[in-house]
Amino acid sequence: MDAITELLKSFPFLLLGAWETLKLTAFSVGIGVILGTFIGMGRLSKVKFINYLCTAYVEFLRGTPLLVQISIVYFGLPQLGIQLAPYPAAITALGLNSGAYIAEIVRAGIQSIPRGQYEASRSLGLTHWQTMRYIILPQAFRNILPALGNEFITLTKDSSLASVIGVSELMRRGQFVISRTFQTFSIYFGIAFIYFLMTFVISRIVRYIERRMATA
Amino acid sequence: MIEESVVNTGGIQSAKEIIIKIEGLVKRFGKLEVLKGVNLEVKRKEAIVIIGPSGGGKSTLLRCVNKLEEYQGGKIYLDGVDIDQYDVNKLRTRIGMVFQQFNLFPHMNVLQNLILAPTKVKNMPENEAIEKAKALLSRVGLLDKIDAYPEQLSGGQKQRVAIARALMMEPEIMLFDEPTSALDPELVGEVLDVMKDLANSGMTMLVVTHEMGFATDVADRIVFISQGVIEEEGTPVEILKNPKKQRTKEFLRRILE
């Protein structure tokens, strides 16, 4: 019985954490989309140097654990004189990380657009960048929306790792409640349930947008 | 970029008349040589129809003219100036292109398809571009489709929109790369009519097509390309009625039977 009452009592406290988690995720995805768009285009660049640089970025960030990346940004960078507070550090690490995954999604999205679209646009005198901006990327983003939704969901869950550097998001707040009440099962289960609610709602929203864009 | 000085037309007397001069054009895809030294002169207001077996290099030749393809040898001159001397985007605003697969932008309606390039490339004011779009759409008979999206149009309508879109930039030359090959037979006529109208209005045109009727009616000259070289060229009567080369004869027999 204690387990349930403790969970209910701490629920508003946990919900605030969930709100933090959502904000953290939203910012990180925002950074990830901007970063990923450029790196994704860079991976298709004919300029070898840019191509290699972007490929190296993607390989490195996908090939190392997020927990290590967060640690580097929060604990490692201060040694180089760059001191970030926990929240900005978390957004930075998550944003850089999702940027790598989103770059791959964007790359595939660009490649899914028929070559003729690019040629038609260039034949009208539009530059490479104008063609990307007005022709290729708008169509690519429509195609990759489901994959971006998945990335949002993945990042919502991965953001729990920010708890290790003291960002008071959902996971951190849960651990805080447990250290006070020792109700490990109910609290962790409650947290899991809140994470599930968030990802479930996000996936529904993505599906809704997808369907609206399909009919537009 | 360069307007006058570096002009090298190879000593042609009537240089003014000639808008495009192709000299010894060589194009390779890896080891495969698709164009093996093509020479062609196009005069202003001339309609040239390019025919020949598939894989012979017809489309590649067109695509070299507006630099959609890089080429490995030879030169192409526009108004006597090597096209390498022009800014590539400026060059392309002077050369319109129509594709076999239409390539309308599916996320934009017809009006947006038309006004994008003039407003972004030439900085034409939007209301001016819209007026121009309306005029061109009525010219191709599609003013009522101005708000439609490409997927709502038939193939013939799409291609007419694509022609109007290219004309928005007021090109001096139009390239047509098999414009009717992806169309159902009953839709071919409406597109050819628009092209005829365009030729009659004095547009310089280079048309790759298998439509021999169109070639007969509209072409000032027919060029037969096979295996990367121009085998034969001449007036429609010369080429279609009295072909001299064996390859031309064989090709025509196959296509006309």
Side-chain angles (χ1 to χ4, degrees), chain A residues 33 36-37 40-41 44-51 102 105-149 206-216, chain B residues 59 62-63 65-70 86-109 112-124 149-152 158-159 161-171 173-178 182:
Chain A
V33 167
T37 302
M41 285 193 285
L44 296 168
S45 174
K46 277 185 202 154
V47 183
K48 283 233 166 71
F49 175 72
I50 295 175
N51 198 319
I102 292 173
I105 296 170
V106 169
R107 182 180 61 84
I110 292 173
Q111 286 176 319
S112 74
I113 306 302
R115 176 108 197 124
Q117 289 286 308
Y118 183 83
E119 291 183 344
S121 174
R122 293 305 304 272
S123 79
L124 289 164
L126 281 95
T127 65
H128 172 77
W129 290 107
Q130 286 175 322
T131 300
M132 280 294 161
R133 174 163 166 213
Y134 298 113
I135 307 302
I136 306 299
L137 290 178
Q139 295 185 62
F141 271 99
R142 188 180 291 205
N143 289 353
I144 66 181
L145 204 71
L148 281 182
V206 170
R207 200 178 295 178
Y208 173 76
I209 296 172
E210 228 175 284
R211 218 176 300 141
R212 277 203 45 172
M213 288 188 88
T215 54
Chain B
S59 295
L62 274 200
R63 292 162 57 85
V65 172
N66 69 350
K67 291 185 109 178
L68 280 184
E69 299 285 354
E70 303 273 325
Y86 293 96
D87 171 73
V88 68
N89 299 311
K90 290 248 172 62
L91 172 77
R92 285 169 178 161
T93 60
R94 299 177 60 181
I95 305 174
M97 185 157 195
V98 174
F99 300 85
Q100 183 178 351
Q101 297 298 335
F102 328 126
N103 295 340
L104 293 183
F105 307 132
H107 60 303
M108 298 178 174
N109 67 22
Q112 290 165 329
N113 263 277
L114 263 64
I115 67 172
L116 178 77
T119 53
K120 302 300 175 195
V121 178
K122 288 189 165 172
N123 295 316
M124 186 187 281
Y149 279 83
E151 63 178 11
Q152 298 165 314
K158 280 183 201 170
Q159 198 59 299
V161 171
I163 294 170
R165 181 176 71 177
L167 292 175
M168 284 293 287
M169 298 302 279
E170 299 182 338
I173 310 148
M174 284 284 284
L175 310 174
F176 291 86
D177 188 4
E178 303 206 24

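Since the structure is predicted, the reported quantities are computational estimates derived from the model, not experimental observations. All values below come from the heavy atoms of this structure, side chains included, with hydrogens, waters and symmetry mates left out. Chain identifiers are assigned alphabetically (A, B, ...) following the order of the sequence lines, protein sequences preceding nucleic acid strands; residue numbering begins at 1 within each chain.
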Side chain, backbone, both or neither of [X] within contact of chain A (heavy atoms, under 4.5 Å):
{"X": "B/I95", "answer": "backbone"}
{"X": "B/F99", "answer": "side chain"}
{"X": "B/V98", "answer": "neither"}
{"X": "B/M168", "answer": "neither"}
{"X": "B/L91", "answer": "neither"}

For B/N89, which of A/L124, A/L126, A/T127 qualifies under side chain to side chain contact (heavy atoms under 4.5 Å, CB included)?
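Among the candidates, only A/T127 passes.
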What's the shortest heavy-atom distance between A/P138 and B/H107, and which atoms?
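A/P138 and B/H107 have their closest heavy atoms at CB-CD2, 3.7 Å.
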Check salt bridge (charged side-chain N to carboxylate O under 4.0 Å, His left out) between B/K67 and all other residues, then give those that pass, not counting sequence neighbours.
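Expected list: B/D84.
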Residues of residues 128-137 of chain A with any heavy atom under 4.5 Å of a heavy atom in chain B:
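Contacts with chain B: A/Q130, A/Y134, A/I135.
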With a 4.5 Å heavy-atom cut-off (strictly below), which parts of residues 106-119 of chain A touch chain B? List them by number.
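The stretch touches chain B at A/G116, A/Q117, A/E119.
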Taking side-chain hydrogen bond (donor to acceptor under 3.5 Å, both in side chains) as the test, write out the residues that go with B/S59, two or more places apart.
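Scan of B/S59 (side-chain hydrogen bond (donor to acceptor under 3.5 Å, both in side chains), adjacent residues dropped) gives B/D177.
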Decide yes or no for A/R122 and B/V88: does some side-chain heavy atom of the first lie under 4.5 Å from some side-chain heavy atom of the second?
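A/R122 reaches B/V88 side chain to side chain.
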Specify which of B/K122, B/Q100, B/R165 makes the most heavy-atom pairs with chain A at under 4.5 Å.
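Ranked by heavy-atom pairs under 4.5 Å with chain A, first place is B/R165.
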